[in-house]
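In what follows, a structure is listed as structure tokens, so that the remarks can point back to it.
Just so it is clear, the values below take in all heavy atoms, side chains as well, and ignore hydrogens, waters and symmetry mates. Note on naming: letters A, B, ... go to the chains in the order of the sequence lines (proteins, then strands), and numbering restarts at 1 for each one.
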Amino acid sequence: MSAYFTVRFPLGLVVVSYDEHGSLSRISFDLDFRTSEAPSSSDFARDLARDLDSYLKGNPEPLDQYLDLSFASPFSRSAWKAARQIPFGSVTTYGALAAKLDRPGGARAVGQAMGSNRFPLLIPCHRVVAMGGALGGFGSGLRLKRWLLNLEGVNL
DNA sequence: ACAACTGCATGAA
DNA sequence: TTCATGCAGTTGT
């Protein structure tokens with residue numbers, strides 16, 4: 001039986017879902033208020049809310065626990081793992097990430113993996129941009145991607 | 001078949 | 001020369 005809670009942020013709502021094992025199954029920036037109900041008071045939920053709040057105030061996010069990535073393929077997991085090594089305040093490109101995974105030419109595959117990331121911020125796919133200064137894509141909206149990068153002091 | 005990519009070709013300003 | 005499109009080549013789902 002899964003559950004979720006919502007957290008209010010400057011941009012709107014962040015919806016956090018998790019399963020019965022206490023593993024996060026999804027985080028989304030959700031502007032749809034229909035889902036706002038049934039808050040949970042588990043410890044990690046409070047920790048997550050606090051850390052997300054800290055992040056949005058300009059501090060690097062510390063979270064790396066609770067994530068349940070079992071739903072994804074090995075390639076996607078390794079891509080996310082590589083993405084998590086991108087430090088706060090810097091960016092890399094889809095192609096560079098692919099190269100790091102010994103998959104030159106797999107930039108598009110990396111893009112697909114980033115696109116299926118369920119944990120924005122915790123897996124900072126917003127730090128992966130296109131080659132040549134373009135933003136690339138972002139499931140929650142390019143406006144938000146730019147906003148997050150700007151928050152980290154990155155300007156394109 | 002599709003995708004949150006890239007690199008080269010081509011053409012307009 | 002510098003930018004904007006277009007298209008083919010590639011990899012994983």
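- Residue contacts for A:Thr93: at a heavy-atom cut-off of 4.0 Å it reaches the sugar-phosphate backbone alone, with no base atom in range.
- Rounded to whole Å, atom P of B:dC5 lies 11 Å from atom CG of A:Leu142.
- Following rounding to the nearest Å, A:Arg108 (CZ) and C:dA8 (P) show an atom-to-atom distance of 13 Å.
- Following chains of ILVMFWY side-chain contacts shorter than 4.5 Å, one cannot reach A:Leu135 starting from A:Met131, and the two form parts of different hydrophobic clusters.
- Listed for the A:Trp80 side chain is no donor-acceptor partner under 3.5 Å among the backbone atoms of A:Cys125.
- Rounded to whole Å, atom P of C:dT11 lies 13 Å from atom CG of A:Asp102.
- Contact annotation: A:Arg103 side-chain N/O to C:dG12 OP1/OP2 distance is under 4.0 Å.
- Pairing for C:dT10 is absent, with no Watson-Crick or G-U wobble pair whose two atom distances lie under 3.5 Å.
- Between the CG atom of A:Leu97 and the C1' atom of C:dT10 there is a distance of 16 Å, given to the nearest Å.
- In this entry B:dA4 has no Watson-Crick or G-U wobble partner, no candidate having both defining distances under 3.5 Å.
- Around CZ of A:Arg77, the count of heavy atoms belonging to other residues, nucleotides or ligands within 6.0 Å exceeds 12.
- Formation of a donor-acceptor pair under 3.5 Å by the A:Arg84 side chain with backbone atoms of A:Leu122 is found in this model.
- Looking at heavy-atom distances under 4.0 Å, A:Gly136 makes no contact with the nucleic acid at all.
- Nearest-nucleotide positions on DNA chain B place A:Ala109 closer to the 5' end than the other of A:Met131 and A:Ala109.
- Rounded to an integer number of Å, the gap from CG of A:Leu149 to C1' of B:dA4 is 13 Å.
- Using a 4.0 Å heavy-atom distance criterion, A:Gly132 is classed as making no nucleic acid contact.
- Going from atom OH of A:Tyr94 over to atom P of C:dG12 covers 17 Å, rounded to whole Å.
- Per the geometry, CD belonging to A:Gln112 stands 10 Å off P belonging to C:dG12, to the nearest Å.
- Among the protein residues, A:Gly115 comes within range of the nucleic acid bases, having at least one heavy atom under 4.0 Å from a base atom.
- Atom CG of A:Leu101 and atom C1' of B:dC5 are 14 Å apart (whole Å).
- Using a 4.5 Å cut-off on side-chain heavy atoms (C-beta onward), A:Phe138 and A:Arg143 make no contact.
- Backbone-only contact: A:Phe75 has heavy atoms under 4.0 Å from sugar-phosphate atoms and none from a base.
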